[in-house]
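Remarks on the structure that follows.
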Amino acid sequence: MFRPDGFLSLPCTVSTSSMGTLPKQVKIVEVGPRDGLQNEKNIVPTAVKIKLIDMLSEAGLPVIEATSFVSPKWVPQMADHTEVLKGIQKFPGINYPVLTPNFKGFEAAVAAGAKEVAIFGAASELFTRKNVNCSIEESFQRFDVILKAARAAGIAVRGYVSCVLGCPYEGKISPAKVVEVTKKLYSMGCYEISLGDTIGVGTPGVMKDMLSAVMHEVPLAALAVHCHDTYGQALANTLMALQMGVSVVDSSVAGLGGCPYAQGASGNLATEDLIYMLAGLGIHTGVNLQKLLEAGNFICQALNRKSSSKVAQATCKL
Amino acid sequence: MGNVPSAVKHCLSYQQLLREHLWIGDSVAGTLDPAQESSQLSGLPEYVKIVEVGPRDGLQNEKVIVPTDIKIEFINQLSQTGLSVIEVTSFVSSRWVPQMADHSEVMRGIHQYPGVRYPVLTPNLQGFHRAVAAGATEISVFGAASESFSKKNINCSIEESMGKFEEVVKSAKHMNIPVRGYVSCALGCPYEGSITPQKVTEVSKRLYGMGCYEISLGDTIGVGTPGSMKRMLESVMKEIPSGALAVHCHDTYGQALANILMALQMGINVVDSAVSGLGGCPYAKGASGNVATEDLVYMLNGLGLNTGVNLYKVMEAGDFICKAVNKTTNSKVAQASFNA
């Protein structure tokens, strides 16, 4: 799963934090081509998307979320989902999951060659209603259909839980609610659940509380964190998650994506900045930072925007 | 924004939502609600003192020369946010740092609020005397854990710089003026690369031993990560009480808040920051500088730690100075809160 080449050579001692032992390896789930681009204003041509994903594959990322089989009416950026999935190079050892919000999307994804899909739940009733026009319970029924079909076809399913540290409509979200939704998705057959701080409001204390609760009911190895950097808290929250033993982290090259709930705000945690921290901590990721920076540079030029990655900003000679 | 669902536009005023749920807002002792208290991490200090270095470290690295009256207004605004320490200026030669040429006018012009301290940098005895003449009642001296950095920055070896600082500290002690010591390059040097924790400890111990009441350990080029922060602090804390230590993290590689979290977990309770994340990095063109005070306060509020600082007032001061230097803020909290 992890490529041995290109590990950033920095002092390589695994340090033990005062809160527990950090994982020796972290799997990074690169969501730039989907979560990142989905929130970018400028529509990116299919060829550019394909090249981005190929460059990310070259950089050694073990999981790259390629696209979303959602209706182009809702998300125009993802209208070319089939062409993208068919057009990318599938490197051995790298997974290319795609989002499938409903059964129709799932069927289209399978037809286009998807071997792994992702479904999106939320720990907030209001958010679910506003986002997918149904209740949490109804969303589970829709997912059940997909999960059954996926199981029959031998396709792995990753579950997302949005709003785990706060909701733009409901405000505070109780850890108990996050546990309920996570547990349900896991028991329905999702191999991994990504816990998302969708609006980036979380801080390390609430991250810890939420994870403590979830870890009681769902195995640690099946958990991932997906932190948005809207308030600059993403890396600190991710560090806390690592200290709790989480070893799967979602991030987006160049910190792509804004936040639809806070105009002008930033979006995902930048993969480059995450890799920088993990490398400094002596944690193995298998990712080549230099090649990652090149991929980030490429997509930022295509989008005509500056990178949101501080590492990229510091490394790029203006 | 073409992809924004219409539902979002019906969303309650976002800022109001956040205020109501205490994610951002006042952090006043004793008014934490039970939900927030439960999110307090065990082992963290209850109170964190923030040392605001925007007017000095921040502005010093800004290209645009800021007029004296703007600097004064900026500091006056900061004085009303609840910040208890605001580094005003640097009594350095204007040949080296043109931005600080108006040090005496700024020092004399600001309103000194009761309960707020206004330290100034004094690189040598001459600067010290000027600072005192201008009304300074607290000063700082700047050492480095790197021989090369010391030579390039202040044109002398670490040993020679210690000699100069001893003169300053002696005079300051004589006049009952407290002295804060800075140690640059605590986690890495632009010339030497990695710096050993032992060297940082050695320099810190010197400064503490000669009479500095507090030592601010600076990740000058922002290369540190939580692991190197931990190793450095473990070494220094063997020789200097944690209550006399502060961390000064630059956000050049986006690591500042994670490094600060680690420092808090180690027992450090004094943190330097600059409103709006002012200041670039002279060693990495295009890179960002200091950690933004707004983002730091946001994290500390969320952790249930008391700072005494009003985040909204800090954001207003940040908005003021960004307009004055004609640049967008480096604070993510400010970016999220002010409509672009």
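Keep in mind it's a predicted model, so treat the numbers as computed, not measured. Chain A is the first sequence line, chain B the second, and so forth, proteins listed ahead of strands; every chain is numbered from 1.
B:Tyr298 places a side-chain N or O within 3.5 Å of a backbone atom of A:Val201 that can act as its donor or acceptor partner. Proximity of a side-chain donor or acceptor of B:Gln255 to a complementary backbone N or O of A:Asp273 within less than 3.5 Å is detected. With hydrogens and angles ignored, the 3.5 Å screen pairs no side-chain donor or acceptor of B:Tyr253 with any backbone N or O of A:Thr315.
Taking all atoms of both residues into account, the shortest heavy-atom contact from B:Lys332 to A:Gly232 is CB-N, 3.4 Å. B:Ala258 and A:Leu239 make their closest contact through O-CD2, 3.5 Å (heavy atoms, listed as atom of the first residue, atom of the second, distance). Minimum heavy-atom separation, A:Gly280 to B:Arg231: O-NH2, 4.5 Å.
Here the CG-CG distance, from B:Leu257 to A:Leu235, works out to 8.5 Å after rounding to the nearest 0.5 Å. To the nearest 0.5 angstrom, B:Met262 atom CE is 9.0 Å from A:Met240 atom CE. How far CG of B:Leu261 is from CG of A:Asn237: 8.5 Å, rounded to the nearest 0.5 Å. Summarising the geometry, atom CG belonging to A:Asp229 is positioned 8.5 Å from atom CG belonging to B:Asp295; distances are rounded to the nearest 0.5 Å.
Note: B:Thr225 leads B:Val291, B:Leu296, B:Thr225 in heavy-atom pairs under 4.5 Å with chain A.
Atom NZ of B:Lys313 has 12 or fewer neighbouring heavy atoms from other residues, nucleotides or ligands inside a 6.0 Å radius.
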